[in-house]
Asker: 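Have a look at this one.
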Amino acid sequence: MKLIWILCAALISIATLLQADALPKSALEPYVTPPMSIGDQLTEDGVWELLNSGGAVAGYVFETQNMAPLPGFSGAPINMLVVLDLDGRFLDVRLLSHNEPIFVSGLGEAPFHAFFEQYRGLSISDSLVVGTPYGGASDGSALIYLDGVTKATASIRIAHESLLAATLKVAREKMQGVSAGPPAYPDPSIDETLTWDDLDGIAHRLQVTNAEVNQAFEGTKWQNDDPVATANPDDLYLDLWVIDIGPPSVARAVLDDNALDELQAFMAIADMDEPILVIDAGRHGLITDDFIRNTAPDLISAEQSGFPIALRDADILVGLSDDAPAALQDAPALILRTDRRLGFDPTTEWTIQIKALREHGVFQPEIGSTTFETTVQSPERFYIKPTAPKQRAPWEQAILDRSADLVVLGLFLAALVTGLGLNLNRLAGAKYFTAIRLTILAFVMGFIGWWGQGQLSIATPLAIIRTATSGGSFAFLLYDPFSLLIWAIAIFGFALWGRGLFCGWLCPFGAMQEFAHHLGRILWLPTWNPSSKWDDRLKWIKYGVLALLVVMAVSAPAHLDTAIEVEPFKTAVTTFFIREWYYVVYAAGLLILSMVTFKGFCRYVCPLGAVMAIGGLIRGREWIARRAECGSPCQLCRVKCNYDAIRKDGSIQYSECFQCLDCVTIHDDPTKCVPLILQAKKQARP
């Protein structure tokens, strides 16, 4: 008993798990594909610059474990490497390390790696959800669904939430201009009749005189390299018009019929692009002689909230409406496009910049430049800015995904608890009790185990310990509501029956062992049970195994998943015995052992059974009735107890009782219970 209380104290006062250090640059570089490379480290959390081939910052590279250390089912966070561009788009997501039991040796890591490949090309502006639309069909929303991994949905959801939490943290700190929701897009229902004169507040104009250009180059070697500007200081160097022609009403007011038809055909294909018309009625022009159509303009750039906007020529021949100013009719014009999905919001103020160039020298002239800019913002009345689709909380989605299974499980558990709680003796006394019990165990093995993947494991208590000592979140428990419901009922059962409810009725591998025992009897195999003295000694092994796992949870977490394989549950239940041969041999060997020694693993080795026995200390009643004759002189129940959970004095050792009800059957049967038989004979005497 003292050892049990020592173990209880260890579970509560275990040392704090230290935060992992960020990986060095040399460890991350192999994950970044050339010509990209890693630049300087920006934060202690492990955020690095992503550099393009020219050495310019193109995004960020970071790990997730220190910025969003959501614990997985092993209690340790899942660490991923994220490569993010400046527009908030995932260039790559790689799995670095994890201790998720289902992937360590169950399913293997290949499905886990494949899951992360789905993020490439997606944006943090997208609404990403793990799973499928409810009912299996498209729900018509803007949600983007990522395929999960069968049998590992809970681990996948934890990884997804960790990834998004870390990425959004980087976005908030380093990329404030990245949109966090769906982009605004032109409202097709808005149909206003506009003329050029109505474009006040819609068309934006930037005028720069020759004198202003000269002033910009003053003090440089290029200050005297534009004689036209010097001779005509009051003339316009730049007369830039910028008009967002995404709204149909604006496009009709600005373009002639041919250009409008071409734009509409373009938008029918590129419906996520925002078209921007730029015109220069000055002498600057919009492009250089080296410009190539359908590429980024070489003199024009833009940014929003401090981050660049990717502009590209739409390759549309521009013709203006008849009521456009005469000075614009033959002026250079371009229709540029930018993808709204990359975070551009036309209803939020943005800046367009145009570069002025000068050459100094005749042979191999030196190029100097200065930049002029103006702010642009389109009226909100022309746009629809959808709110981000409301996503269900991960635990809500998990419940919804398994709603049918949870209903069946809930009904079964309600019936089982009711039957054991209100009619336990009647159930034990049923004529076909063995058949009833085996039917229930078959359901547990098939539905709860193989179908529902509800085999409880020591991994969960160990993860709770690590989370509690490291100050993490227990939200990971909600990702598997099926198992959580079984945990809740098992804990509820502690107060009424001790460990017996789960170990005797709800453990899939326990059910397998019981079927193996009955098969052994059918095959007339001999039975082998240790003596009572050795049985008492061997039962302490499971507490030693539990203590060792608890110590490893904090001292050697990297090896914990291998140590947890002392439980054969992953092999026998999760993977249907489809694993490496040595795991299969181990699990099958335990079932063979059960054919001759009743539930040998449960009684002597199972660390989860040790946890259940400790939890059973809160049992508030002795639910198995005893008589004064039990133990003295009658020893029938003790002899018949396959678990050796009845002491010589007839009392029940509830920490070892699996609630098989065999002793209850004997106690209530006047043809089996020795005191009842003797009492009946005494009453029958004349």
Side-chain angles (χ1 to χ4, degrees), residues 4-20 65 68-78 98-104 152-159 161-162 394-395 398-399 453-495 499 501-503 506-507 542-543 545-567 569-570 574 606-618:
I4 293 179
W5 287 113
I6 292 173
L7 285 169
C8 290
L11 295 176
I12 298 172
S13 61
I14 195 165
T16 301
L17 182 66
L18 297 177
Q19 187 181 45
Q65 67 176 353
L70 277 67
F73 271 90
S74 67
I78 301 167
H98 72 96
N99 287 314
E100 292 304 281
I102 186 63
F103 290 113
V104 168
T153 302
S155 293
I156 288 296
R157 290 187 190 280
I158 293 170
E161 293 301 316
S162 301
W395 64 270
I399 291 175
Q453 293 296 301
Q455 171 71 66
L456 303 189
S457 168
I458 189 60
T460 301
L462 294 177
I464 291 174
I465 293 170
R466 294 182 65 181
T467 301
T469 56
S470 62
S473 170
F474 293 97
F476 72 93
L477 295 171
L478 301 176
Y479 290 85
D480 186 4
F482 194 87
S483 296
L484 187 60
L485 180 55
I486 299 173
W487 272 111
I489 291 298
I491 293 172
F492 167 77
F494 288 164
R499 69 180 291 186
L501 179 61
F502 174 77
C503 293
L506 294 176
C507 179
K542 58 181 175 288
Y543 297 105
V545 173
L546 174 61
L548 178 62
L549 292 176
V550 168
V551 171
M552 291 185 67
V554 292
S555 63
H559 302 288
L560 182 61
D561 295 295
T562 301
I564 288 177
E565 292 291 348
V566 70
E567 294 180 332
F569 306 155
K570 190 188 304 179
T574 305
C606 181
L608 181 63
V611 171
M612 295 293 175
I614 294 172
L617 293 175
I618 68 173

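Only a predicted model underlies this, so the values are computations on that prediction, with no experimental measurement involved.
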Asker: Does the side chain of Trp487 reach to within under 4.5 Å of the side chain of Leu477, using non-hydrogen atoms?
Answerer: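 Contact flag for Trp487/Leu477 side chains = no.
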Asker: Flag the pair Phe502 / Ile486 as yes when at least one side-chain heavy-atom distance between them is below 4.5 Å, and no otherwise.
Answerer: yes
Asker: May I ask you to test the Asp480-Thr460 pair for a side-chain heavy-atom distance under 4.5 Å?
Answerer: no
Asker: With side chains defined as the heavy atoms from C-beta onward, is the minimum distance between Leu560 and Leu462 less than 4.5 Å?
Answerer: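 Answer yes - side chains close enough.
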Asker: What's the shortest heavy-atom distance between Ser483 and Gln453, and which atoms?
Answerer: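 Taking every non-hydrogen atom into account, OG-O, 3.7 Å.
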Asker: So Val545 and Ile458, do their side chains get closer than 4.5 Å, heavy atoms only?
Answerer: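 Sidechains of Val545 and Ile458: no contact.
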Asker: With rounding to the nearest 0.5 angstrom, report the CG to OH distance, Leu484 to Tyr479.
Answerer: 13.0 Å
Asker: For the residue pair Glu100 and Ser155, what are the closest heavy atoms and their distance?
Answerer: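 Where Glu100 meets Ser155 most closely, the heavy atoms are OE1-OG, 2.6 Å.
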Asker: Which residue in the set Thr562, Asp561, Ile564 passes side chain to side chain contact (heavy atoms under 4.5 Å, CB included) when paired with Asn99?
Answerer: Asp561
Asker: Which heavy atom in Gln65 sits nearest to a heavy atom in Pro77, and how many Å separate them?
Answerer: CB-CG, 4.3 Å
Asker: Answer whether the closest heavy-atom distance between the side chains of Ile156 and Phe103 falls below 4.5 Å.
Answerer: yes
Asker: So which heavy atom on Met612 is nearest to which on Ala490, and how close?
Answerer: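 Where Met612 meets Ala490 most closely, the heavy atoms are CE-CB, 4.4 Å.
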Asker: Within the 4.5 Å heavy-atom criterion, are Gln455 and Thr574 side-chain neighbours or not?
Answerer: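 They are not in contact (no side-chain heavy atoms under 4.5 Å apart), so the answer is no.
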Asker: Once rounded to the nearest 0.5 Å, what's the spacing between atom OG of Ser162 and atom NE2 of His98?
Answerer: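 Reported to 0.5 Å precision, the distance equals 13.0 Å.
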Asker: Using every non-hydrogen atom in the two residues, find where Pro607 and Val566 come nearest and quote the distance to one decimal.
Answerer: CG-CG1, 4.1 Å
Asker: Any heavy-atom pair between the side chains of Ser457 and Leu608 that's under 4.5 Å?
Answerer: no
Asker: If I compare all heavy atoms of Tyr543 with all of Ala613, which pair ends up nearest, and what's the gap?
Answerer: OH-CB, 3.3 Å
